[in-house]
Number of protein chains: 2
Amino acid sequence: MTGHDVADSIERRSGVSLWRQIADRILQAIATGDFAENAALPPEVALAERYGVNRHTVRSAISALVQEGVLRAEQGRGTFVLSRKRLSYPIGARTRFSAGLQGQTSERHIVLLASSIEPASPRVAEGLGLARGSEVIRLETRGEADGRPVSRAAAWFEARRFAGIDKAMAQTGSITASLARFGVDDYLRQSTVLSARHADAADLADLDLQPGAIVLVTVAVNVTPDGQPIQFSESRFPAERVELKLSAL
Amino acid sequence: MTGHDVADSIERRSGVSLWRQIADRILQAIATGDFAENAALPPEVALAERYGVNRHTVRSAISALVQEGVLRAEQGRGTFVLSRKRLSYPIGARTRFSAGLQGQTSERHIVLLASSIEPASPRVAEGLGLARGSEVIRLETRGEADGRPVSRAAAWFEARRFAGIDKAMAQTGSITASLARFGVDDYLRQSTVLSARHADAADLADLDLQPGAIVLVTVAVNVTPDGQPIQFSESRFPAERVELKLSAL
DNA sequence: CAAATTTGTCTATTGATATAGACAACTATA
DNA sequence: TATAGTTGTCTATATCAATAGACAAATTTG
């Protein structure tokens, strides 16, 4: 009773085109090591047979992955895997953007995309323990490692207590450092809720993804050591480039 | 600079058909509470305008969701939301299947789908601290809550130490109870790595999903209190029905 | 150099996807 | 009982997705 292992799993008339399904399969094969990095993919005819589709359909999938920078095709030689492995992004009580990526990348930083003051939505108000409609500061940021976007986040802070945190963030490029300016020397992650969905238009633009990509979504509340909520955030990670490692708290 | 909030995010020629993208958006709107349960959806013409597509395209999306049992359409009246919210599945040092779902569902259990003895793959061997190729027992299980599948998992145990755990699992329906028969009274989750991908054919079948659905994937190692690895597992959760709540370890 | 292998390009055909418009069928309400 | 609002069905058309076959262009190998 073996051999059903990976099995053919191409679904027709599913709303997802065959070339996109095959592109996903190839991405997954790279992620699991089935297709080694820098090695050649099987030739197009072999892939077509393997997935039970026409060669041109395989070509569409490959062409999309070449567009995404995952593969490089060379006429007469073959098609080669470029993509590196996924980043392993640590999540725990003391999650900090740069701390946990040490050793995996040579360069990493956070870019402040936008900031605004707005009334707290019910969800944000509940997370921060504020009255509904209280003013909060929202920071939109993007995390980058080795020049590639690896996260996209919105963070909300109580506007009264953290007035000017947007400027601090713009200067320091670090939420930890910005919070320190307001007397927050330490903070803990109180809760994290995790889900996944297809990337929307904003995700596609900010994370440099192709349509159909998946994002991991975390919704988290950070608190001071004495339990006072200071930050509510929603982060999105491109599933093809990032995995989340849940570390001991 | 407001008003980009949810924004239109329908992508054309992306390999994912418009009706499937809109179905996903509706599912998400239900999950976030934008479309309340048991309430009527906006009429088809309104939805078509909202997403910038033809009414017939919206109808295709709705028809798929009716097929999935999420919506019910009534001629002359409207289209109504049937689906409940996502289950919030706790992940932490003492993750147990049924413990954390209390209060969210009335009925829950684990079904043993299959079991086998096989040589440990490099990944499994490393997780369990065994020599590559050592014999391990694999259990394939499905978790159900209120009659709907909410997880699908493969778990590996050292074959020598846990010979017969497959039968124990079939009898008790509980991994915790089965481990207790082998003298394991307590265990902790040592590590969890999280990712997301499109469901493959086996996921679609076992989790009762439609093509294009997303699954959350966790890869975890459980250890005894003194740090000895006893269980390596890979679990898949349907993202449309489950979210993962990371609890304090 | 010749042959084999592999990717690239072209034409043609079929079926699925998306748009457009018109009208029927059913429900709720004034 | 009209009328307005909603879902259901039909026809028609244009574009995208997938298959099929043939051959060109580049590379590697004997």
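Order of the sequence lines fixes the chain letters, A, B, ..., with proteins taken first and strands second; residue numbering starts at 1 for each chain. Heavy-atom basis, side chains included; hydrogens, waters and symmetry copies ignored.
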Peer 1: Between A:E74 and A:V58, which has a closest nucleotide on DNA chain D that is more 5'?
Peer 2: A:V58

Peer 1: Would A:I30 and A:L71 count as a side chain to side chain contact (heavy atoms under 4.5 Å, CB included) here? Give the steps.
Peer 2: CA-CA 10 Å; A:I30 292 170; A:L71 301 177; 4.1 Å; yes

Peer 1: Answer yes or no: does a side-chain N or O of A:N54 lie under 4.0 Å from OP1 or OP2 of D:dA20?
Peer 2: yes

Peer 1: Could you check how far OH of A:Y51 sits from C1' of D:dT19, rounded to whole Å?
Peer 2: 19 Å

Peer 1: For A:G15, does its backbone N or O pair with a side-chain atom of B:S17 as donor and acceptor, under 3.5 Å?
Peer 2: yes

Peer 1: Mark yes or no for whether B:E135, through its side chain, and B:I117, through its backbone, hold a donor-acceptor pair below 3.5 Å.
Peer 2: no

Peer 1: Distance check needed: C:dA16 C1' versus A:Q21 CD, whole Å only.
Peer 2: 14 Å

Peer 1: Tell me the interatomic distance from B:I22, atom CD1, to C:dT17, atom P, rounded to whole angstroms.
Peer 2: 13 Å

Peer 1: Kindly indicate whether the side chain of B:R55 and the base of C:dG21 share any N or O donor-acceptor pair separated by less than 3.5 Å?
Peer 2: no

Peer 1: Side-chain donor-acceptor pair under 3.5 Å between B:E118 and B:W156, yes or no?
Peer 2: yes

Peer 1: Go through the steps to decide whether B:I26 and B:F35 satisfy the test side chain to side chain contact (heavy atoms under 4.5 Å, CB included), and finish with yes or no.
Peer 2: CA-CA 8 Å; B:I26 293 174; B:F35 294 158; 4.2 Å; yes

Peer 1: Would you mind checking if B:R138 and B:E140 are paired as a salt bridge, meaning a charged N to carboxylate O distance below 4.0 Å?
Peer 2: yes

Peer 1: For nucleotides 27-30 of chain C, tabulate all protein N/O to nucleotide N/O atom pairs closer than 3.5 Å, reporting atom names and distance.
Peer 2:
residue, atom, partner, partner atom, Å
C:dA28, OP1, B:R77, NE, 3.0

Peer 1: Nearest whole angstrom, please: distance from the C1' of C:dT6 to the CD of A:E44.
Peer 2: 8 Å

Peer 1: For B:R59 and C:dG21, what is the distance between atoms CZ and P respectively, to the nearest whole Å?
Peer 2: 17 Å

Peer 1: Looking at B:S17, does any N or O in its side chain come under 4.0 Å of the phosphate oxygens OP1/OP2 on D:dC16?
Peer 2: no

Peer 1: For A:S151, is there any backbone N or O sitting under 3.5 Å from a side-chain donor or acceptor partner on A:R142?
Peer 2: no

Peer 1: Any base atoms under 4.0 Å from B:V45, or only sugar-phosphate, or nothing? Heavy atoms, all strands.
Peer 2: nothing

Peer 1: Expressed in angstrom and rounded to an integer, what is the separation of B:L71 atom CG from D:dT7 atom P?
Peer 2: 11 Å

Peer 1: Taking only N and O in the side chain of A:T79, is any of them less than 4.0 Å away from OP1 or OP2 of C:dT6?
Peer 2: no

Peer 1: In this structure, how many angstroms lie between the P atom of D:dG8 and the CD1 atom of B:I62, rounded?
Peer 2: 8 Å

Peer 1: What's the closest nucleotide to the side chain of B:L18 if the choices are C:dT19, C:dT7, D:dA18?
Peer 2: C:dT19

Peer 1: So, is A:S60 close to the D:dA17 phosphate, meaning a side-chain N or O under 4.0 Å from OP1 or OP2?
Peer 2: no

Peer 1: Can you tell me how far C1' of D:dT6 sits from CZ of B:F80, to the nearest Å?
Peer 2: 10 Å

Peer 1: Classify the side chain of B:H56 and the base of C:dG21 as holding, or not holding, a donor-acceptor pair under 3.5 Å.
Peer 2: yes

